Amino acid sequence: MKGVSVEIMGQNLTVASDENDEWVKSVAGTVDERIRSIRANGNTVSSVNIAILAALNFADELEHLKKEHQELIDRITAMKERLIDAIDGKLAESTATRGAE
């Protein structure tokens, strides 16, 4: 695991990660942008409160994405089952037709 230098809330931090530097810097940039947005739109002045609000924003977004992801998996699974049933039906029909010849 290597350390990557990033800046969040004006603080220089070294983040330990197995990901490449660009990824870590991109994620840190996203966090910093969210914090700046919260700071610009609210009355919160405490760095801790701003960080907590940013964490809550990201957690909310993550939970919504998890739900959407599961819904997509469920839809794909249902489509797969319908496709399997359709293929099985065609195979049975083909077998019955060959047996009648």
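Keep in mind it's a predicted model, so treat the numbers as computed, not measured.
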*asked:* Could you check whether any side-chain N or O of S94 sits under 3.5 Å from a backbone N or O of K90, counting only pairs where one atom can act as donor and the other as acceptor?
replied: no
*Listed once per pair and sorted, the salt bridge (Lys or Arg N to Asp or Glu O under 4.0 Å) pairs that draw on residues 35-47, sequence neighbours left out*: D32-R36
*With sequence neighbours left out, which residue pairs that include part of residues 53-68 fulfil the salt bridge (Lys or Arg N to Asp or Glu O under 4.0 Å) condition?*
R34-E61, E63-K66
Could you pull out all donor-acceptor pairs under 3.5 Å where a side-chain atom in residues 15-28 meets a protein atom, sequence neighbours excluded?
residue : atom : partner : partner atom : Å
S17     : OG   : E19     : N            : 2.9
N20     : OD1  : E22     : N            : 3.2
N20     : OD1  : W23     : N            : 2.8
D21     : OD1  : K2      : NZ           : 3.2

Without placing hydrogens or testing angles, list every side-chain donor-acceptor pair under 3.5 Å for residues 71-87, not counting sequence neighbours.
residue : atom : partner : partner atom : Å
D74     : OD1  : Q70     : NE2          : 2.8
T77     : OG1  : I73     : O            : 2.9

*Test side-chain contact (heavy atoms from CB on, under 4.5 Å) applied to S46 - qualifying residues, sequence neighbours left out*: V48, N49
*Could you give the distance from CD1 (I38) to CG (L56), rounded to the nearest 0.5 Å?*
8.5 Å
_Exercise: identify the closest heavy-atom pair between T14 and G3_ = CG2-CA, 3.7 Å
